[in-house]
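Chain letters run A, B, ... following the sequence lines, proteins first and then strands; every chain starts at 1. Quick caveat, the model's predicted, so the values are computed rather than measured.
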Amino acid sequence: MARRQTADGGRQGTTTPDRRRRTTGAAPRPSDLLTREQKLELYYWMRLTRTLEERLVALYRQTKVVGGLFRSLGQEADAVGSCFALERRDIMSPLIRNMGAMLVKGATPLEILRQYMAKGDSPTRGRELNIHFGDLDRGFIGQISPLGDMVPVMAGVTLSFKMRGQDRVGLVYVGDGATSTGAFHEGINLAAVQKCPLVVIVESNQYAYSTPTWKQTAAKQMVDKAAGYGVPGLQADGNDVLAVYDVTKTAVDHARSGGGVTLVELVTYRRKGHAEHDNQSYVPDGEIEWWAANNDPLDRYHRVLQEQLGFALSEIEPVDARVRDEVDAATEIAEQSPPPEPHDGLIGVYADPPAETPLWFREGTRAAVERNERAEGWGTWDVKSGEKGA
Amino acid sequence: MARRQTADGGRQGTTTPDRRRRTTGAAPRPSDLLTREQKLELYYWMRLTRTLEERLVALYRQTKVVGGLFRSLGQEADAVGSCFALERRDIMSPLIRNMGAMLVKGATPLEILRQYMAKGDSPTRGRELNIHFGDLDRGFIGQISPLGDMVPVMAGVTLSFKMRGQDRVGLVYVGDGATSTGAFHEGINLAAVQKCPLVVIVESNQYAYSTPTWKQTAAKQMVDKAAGYGVPGLQADGNDVLAVYDVTKTAVDHARSGGGVTLVELVTYRRKGHAEHDNQSYVPDGEIEWWAANNDPLDRYHRVLQEQLGFALSEIEPVDARVRDEVDAATEIAEQSPPPEPHDGLIGVYADPPAETPLWFREGTRAAVERNERAEGWGTWDVKSGEKGA
Amino acid sequence: MTEITYLEGIRQALFDEMERDPSVFCIGEDIGAFGGAFKVTEGLAAKFGDERVIDSPISEIGIVGAAAGAAHMGMRPVVEMQFIDFIANAYDILTNYVATARYRAFLPCPMVVRGPSGGYVRGGPFHSQNPEAGFIHTPGLKVVYPSTVADAYGLMKSAIRDEDCVLFFEHKYLYRRIKGELPAGDGAVPIGKARIAREGKDLSIITYAATVWKALEAAEQLEREDGLSVEVLDLRSLAPLDDEAIQATVRKTNRVLVVHEDTRTGGIAGEITARISESSFAWLDAPIMRVTAHDIPLPYAPQLEDFVLPQASDVVRAARWVAAY
Amino acid sequence: MTEITYLEGIRQALFDEMERDPSVFCIGEDIGAFGGAFKVTEGLAAKFGDERVIDSPISEIGIVGAAAGAAHMGMRPVVEMQFIDFIANAYDILTNYVATARYRAFLPCPMVVRGPSGGYVRGGPFHSQNPEAGFIHTPGLKVVYPSTVADAYGLMKSAIRDEDCVLFFEHKYLYRRIKGELPAGDGAVPIGKARIAREGKDLSIITYAATVWKALEAAEQLEREDGLSVEVLDLRSLAPLDDEAIQATVRKTNRVLVVHEDTRTGGIAGEITARISESSFAWLDAPIMRVTAHDIPLPYAPQLEDFVLPQASDVVRAARWVAAY
Ligand SMILES: Cc1ncc(C[n+]2csc(CCOP(=O)(O)OP(=O)(O)O)c2C)c(N)n1
Ligand SMILES: Cc1ncc(C[n+]2csc(CCOP(=O)(O)OP(=O)(O)O)c2C)c(N)n1
Ligand SMILES: [Mg+2]
Ligand SMILES: [Mg+2]
């Protein structure tokens with residue numbers, strides 16, 4: 001393994017907006033056509049993502065979050081800008097860093113809070129973790145943990161659009177790490193051959209858990225994978241929300257006009273660990289700080305709003321306040337939500353039969369819960385103290 | 001599916017030798033360094049492949065072959081020329097069209113005949129089909145049916161070479177169809193990241209069973225997949241045995257010198273059906289005939305030997321005779337071979353225990369065989385007559 | 001009515017359902033104009049077009065995942081595995097994504113995965129498998145494995161109409177070896193109901209798929225040679241199992257032989273034994289015994305395959321033992 | 001000697017075997033400098049270097065296949081699944097390639113696939129699985145699932161030394177909850193031998209992994225409250241099963257409860273029931289009964305998970321029923 005990265009090495013260089021391909025040129029950028037409201041809306045969604053995640057961190061520290069907590073700090077532009085390029089009727093499949101995309105698609109902070117706290121009135125009624133939920137009506141499908149599987153699933157979603165002649169597009173996110181899975185490969189290849197109206201977003205956030213991208217693939221960049229599937233490859237600065245919107249909109253339009261799949265690489269950086277417990281011991285010194293100081297997507301867009309798009313601070317600040325209020329209100333309700341009823345767990349494995357019968361050795365309703373342990377499944381433990389790391 | 005091929009369309013155009021890349025130029029070709037004996041040997045292996053397969057067809061028609069019969073007609077150069085670039089200590093993993101490669105690696109006609117006839121003294125003692133067998137000492141590993149799996153396996157074989165500092169190289173064949181599998185993707189990617197000394201040969205023979213390549217992938221050519229794995233991609237005319245040798249030798253040398261994986265695409269054409277029973281109804285009229293008349297690898301090399309390499313017909317013809325004699329002799333022995341003893345089937349699922357015990361309802365040795373049916377599993381049946389097609 | 005083969009029964013059901021419901025489509029390797037390795041889908045592409053009978057890349061994960069996605073959106077995909085053995089490649093997406101979709105996400109996922117299964121045809125270790133045990137183990141999936149023409153037809157209809165994912169195992173040994181008539185009317189056979197293939201009172205053989213025919217052959221011989229009256233229960237549906245029918249036959253004959261072609265350890269016979277033990281222990285006059293394949297990857301040579309797989313003669317020998325207990 | 005955890009037992013075995021045998025190496029996602037999601041491999045990379053503790057891409061097919069290839073060439077790979085749930089992605093290559101290598105091709109394939117398994121930790125449907133049933137069904141694989149520190153250590157040693165592929169399931173609920181001492185000497189525990197975790201004479205509980213502890217808890221309560229003497233057999237090895245030990249306990253107590261955390265239908269309890277029924281029917285004074293998880297994808301909320309998984313209180317209730325039969 002000779003290839004090594006310097007602390008502030010090439011990786012950080014990849015974030016200059018000029019790395020966007022095929023979208024540069026004289027033609028107007030799709031984002032030029034956004035209204036003033038829409039431009040501020042982009043800021044709202046990014047701010048909501050960040051504030052909501054920060055609230056979740058507080059709840060996590062109070063052990064009110066049952067499982068692990070996954071941040072998208074520093075990646076808010078990537079999730080929000082890309083999903084913003086979809087229409088209401090389009091279908092999107094998020095991954096663990098795409099809470100922002102889900103919010104854009106209509107998921108509510110209340111749902112997300114309830115879900116993280118495994119409440120009985122959460123979208124999955126306590127069956128699934130964190131942001132693993134969806135809603136076909138609002139146009140997003142819940143992910144599962146095995147990485148890559150959502151790519152073939154979205155190939156099928158968009159195949160159905162094509163078969164029925166519907167004017168709809170699909171968008172699926174995949175991490176840089178998940179591009180190594182067989183499911184990713186089979187899914188994008190099938191979608192490409194079938195010319196499904198699908199946008200595949202590869203989020204190059206430089207890590208898969210502790211694994212840097214150079215241990216994940218020898219490809220110079222993720223966008224180099226496009227030619228192998230015979231689809232256009234586009235790349236953009238994932239921390240520039242307008243650039244993200246532009247490149248995704250281009251891909252979405254391509255899909256909508258019958259052009260088939262586009263692979264879009266968004267270059268960004270995962271500033272927090274894989275999950276909240278992860279102490280990021282594997283990250284070179286100064287790397288996170290560099291990104292926080294120089295390339296925060298919210299900071300950048302805040303400046304763009306003022307310096308390039310002519311927004312006054314007095315227009316931006318109310319957004320922050322509104323977000324705080326919304327998250328506060330949602331937290332209050334979510335905390336009051338009841339846990340699931342044990343017997344609710346027996347319902348709906350199949351449409352028919354609609355419920356399982358309780359097992360022979362069980363009588364009546366049970367309350368077997370002794371203590372509300374946090375999933376050790378998510379934890380990196382400190383071996384010496386036997387405690388979970390921060 | 002708008003994209004269509006004309007009967008003699010672009011596909012046939014892909015066979016001109018000039019499509020070899022990165023191997024052209026002023027430098028001497030690796031094949032220039034072959035001795036006269038070696039050049040004639042190439043012809044011997046190709047002729048042996050063809051003659052042995054023709055003998056198998058005869059045995060198949062006599063229903064002496066138990067399962068299906070898989071031909072490599074028209075692909076002999078691809079298999080032989082590539083494997084000829086390996087050293088004795090190197091390890092090769094063949095696929096169903098690579099009998100020629102196995103012969104080069106030391107598999108004998110007798111073994112192959114016994115194997116096809118499911119004999120008790122065949123290399124797998126009747127346990128596996130056709131050319132599904134291997135021998136680590138001679139340097140080839142038997143394939144299994146699930147496509148793509150041999151790629152990660154060979155990643156591991158070559159990883160062991162790297163870990164132990166051995167001067168050995170691996171070579172794995174994969175069909176154009178099998179490039180769509182997750183196993184291919186995960187295997188080549190892992191090998192590329194680990195810089196394993198591995199050559200991955202994609203045999204672009206234009207079909208996967210009945211499926212033409214354009215339904216398999218939207219990639220313009222298989223070699224376009226190389227960049228996505230960050231490895232060099234080479235392409236050659238698979239029906240020009242010297243070109244095949246040249247391109248593979250280049251990749252083998254690259255691997256041996258620590259350069260890691262190369263993806264080599266050999267462009268060729270599968271002139272027979274997927275297996276002997278397949279009537280190739282899906283092939284455009286005239287396509288097979290075109291290849292047979294204009295681009296048979298044996299015909300071509302026969303001409304090259306005489307016209308470019310200065311061999312006299314009197315040097316070539318004895319090879320044909322020798323091959324005939326060898327195949328005759330092997331057939332005679334193979335036909336005399338006994339079938340396996342039923343109880344031999346109980347041995348060696350595990351090293352420990354070394355054998356299974358017979359099931360409780362069995363007493364003593366049984367001879368349950370009523371008739372030697374051909375595997376319907378391999379057959380395309382003629383629905384009307386209830387008979388297998390030719 | 002004319003007799004058709006088991007394979008034709010399946011094809012006819014696909015045809016009828018595709019005609020009835022435009023949301024039904026097929027996807028798989030070589031299933032279009034070529035009609036599939038066994039010609040099960042022959043004629044479908046000509047009738048319904050390439051867009052509803054889709055030739056796919058060699059991507060079992062891809063086609064199963066795509067079927068799930070399309071199913072969420074209201075389509076009813078039927079996925080062909082060229083050989084059911086290759087369902088192993090889709091094990092993750094089937095057991096993790098498809099099987100859990102309704103429970104964890106309230107997503108409908110009505111789809112069928114079908115393919116030629118089973119041995120007795122000299123297919124070797126990778127073209128003869130019976131992988132059902134790995135899937136009945138997965139809550140959220142349904143599994144059927146018919147043995148007759150009418151069931152092949154009727155269960156395929158029900159599988160396509162089911163609101164959940166149904167794995168439809170087709171026994172390739174039966175494809176063209178057995179013939180039968182289709183019943184008048186719709187002919188759908190409900191999933192979850194076993195079938196008494198032969199009535200008897202001394203001993204019950206519980207089985208499914210190709211070994212139904214081995215059991216029937218054995219039952220005749222036992223009647224002829226031993227005067228034993230053997231009941232043969234054809235499960236047809238492996239998930240859900242028809243507990244009622246199993247219980248009924250066990251309580252009637254008090255002696256049970258469970259027969260399957262699958263390997264022994266971890267095969268479905270264990271599950272059936274456990275259910276009988278739990279529900280009908282007091283009715284048993286003899287141990288529940290199993291006749292199965294050896295725990296060995298299925299070898300290719302006829303002499304070996306026949307030795308590893310259960311034969312009618314094995315059923316006879318085992319039944320005599322149980323009857324004499 | 002000092003007490004160590006179950007997790008440390010596994011790590012120590014990896015350490016000892018890597019030190020003893022230079023052909024042993026580890027491969028998996030994030031197992032190098034980071035030490036793995038649960039820190040099982042912590043310190044190994046520092047000691048043995050990156051080349052013997054390989055951080056892999058997210059490619060379960062890739063790493064299992066690569067392990068097989070390296071194993072053919074004389075290496076002894078230990079593959080980590082970050083969570084055992086992801087072994088589903090490698091189902092094809094494990095069951096078709098690895099499991100059959102020796103039988104069909106006389107290729108040695110000594111390798112270990114290990115990973116954190118099981119529930120009771122609020123991991124949700126994809127981080128809590130017990131996929132052992134799908135693998136004991138596959139001839140050619142061995143499967144172990146220890147419940148104690150000494151077995152975690154000793155079975156890992158045997159697994160690495162075994163000439164065939166061993167799936168090593170580690171229960172993540174036990175990782176740091178149980179402590180114990182390692183025995184003096186080599187400490188290797190033979191694969192295929194069960195362990196009597198508690199002696200008794202009225203009733204046998206046959207189980208493995210985390211539910212060994214639930215069974216022991218139940219046994220104590222039953223002794224205390226009912227005066228019942230319960231024997232607990234910890235299988236440790238699921239393939240091969242220790243038929244002798246199973247038979248011995250059944251013939252001793254004549255009453256059996258099989259307990260596992262895995263879902264009910266198609267779980268190993270069925271296989272065990274069948275084997276007991278076949279070998280020891282005449283010794284049974286009560287039906288063999290099963291205590292298992294519900295047939296449901298494991299939900300995430302504590303209230304649901306605890307309801308779906310078997311608890312000590314369930315074992316108590318079931319044992320009373322069997323004892324009273
Ligand atoms: C098939 C599979 N293998 C392993 C894992 C364990 N795992 C969960 S997240 C993760 C890293 C994902 O990295 P990446 O795809 O880059 O996404 P990111 O977290 O960076 O957004 C791993 C290895 C998994 N979920 N699925
Ligand atoms: C995973 C898997 N899926 C399906 C099959 C069935 N199958 C056997 S050969 C074949 C076509 C292979 O085509 P290709 O890879 O191009 O090789 P070729 O026969 O052309 O040499 C198919 C689909 C298989 N063996 N493995
Ligand atoms: Mg990442
Ligand atoms: Mg091909």
Requested in this report: Please determine, among Ser93(B), Pro146(B), Ala191(B), Gly187(B), the option with the most heavy-atom pairs under 4.5 Å with chain D.
Outcome: Pro146(B)
Query raised in the report: Is the shortest side-chain N to carboxylate O distance from Asp137(B) to Lys105(B) below 4.0 Å?
Result: no
Query raised in the report: Among all residues two or more places apart in sequence or in another chain, which pass the side-chain contact (heavy atoms from CB on, under 4.5 Å) test with Arg138(B)?
Result: Arg88(B), Thr108(B), Glu111(B), Asp135(B), Phe140(B)
Query raised in the report: Side chain, backbone, both or neither: which part of Asp164(D) has an atom under 4.5 Å from a heavy atom of chain B?
Result: side chain
Requested in this report: Run the salt-bridge test on Arg76(D) and Glu17(D) with the 4.0 Å N-O cut-off and return the result as yes or no.
Outcome: no
Report task. Determine whether more than 12 heavy atoms belonging to other residues, nucleotides or ligands lie under 6.0 Å from atom CD of Glu19(D). Result -> yes
Report task. Determine, using ring centers only, whether Phe70(B) and His132(B) are less than 6.0 Å apart. Result -> no
Query raised in the report: Is the NZ or CZ atom of Arg127(B) both under 6.0 Å from the centre of the six-membered ring of Tyr103(D) and within 45° of that ring's axis?
Result: yes
Requested in this report: Between chain B and each of Met75(D), Glu278(D), Glu163(D), count heavy-atom pairs under 4.5 Å; write down the option with the most.
Outcome: Met75(D)
Report task. For this output row, return yes or no: ring centroids of His72(D) and Tyr97(D) closer than 6.0 angstrom. Result -> yes
Report summary line: Among Pro22(D), Ser23(D), Ala68(D), Pro57(D), the residue with the most heavy-atom pairs under 4.5 Å to chain B is Pro57(D)
Requested in this report: Measure Leu107(D) against the heavy atoms of chain B and call it side chain, backbone, both or neither at under 4.5 Å.
Outcome: side chain
Query raised in the report: Of the backbone (N, CA, C, O) and the side chain (C-beta and beyond), which part of Phe133(B) lies under 4.5 Å from a heavy atom of chain D, both, or neither?
Result: neither
Query - Under 4.5 Å from any heavy atom of chain D - which part of Ile144(B) - result: side chain
**Report entry** Contact listing (chain D partner; residues 163-181 of chain B; heavy atom under 4.5 Å)
**Finding:** Met163(B), Arg164(B), Arg168(B)
Query - Basic-acidic side-chain contact under 4.0 Å: Arg114(D), Glu170(D) - result: yes
Query raised in the report: Say you draw a straight line from CD1 of Ile188(B) to SG of Cys196(B); how long is it, rounded to the nearest 0.5 Å?
Result: 11.0 Å
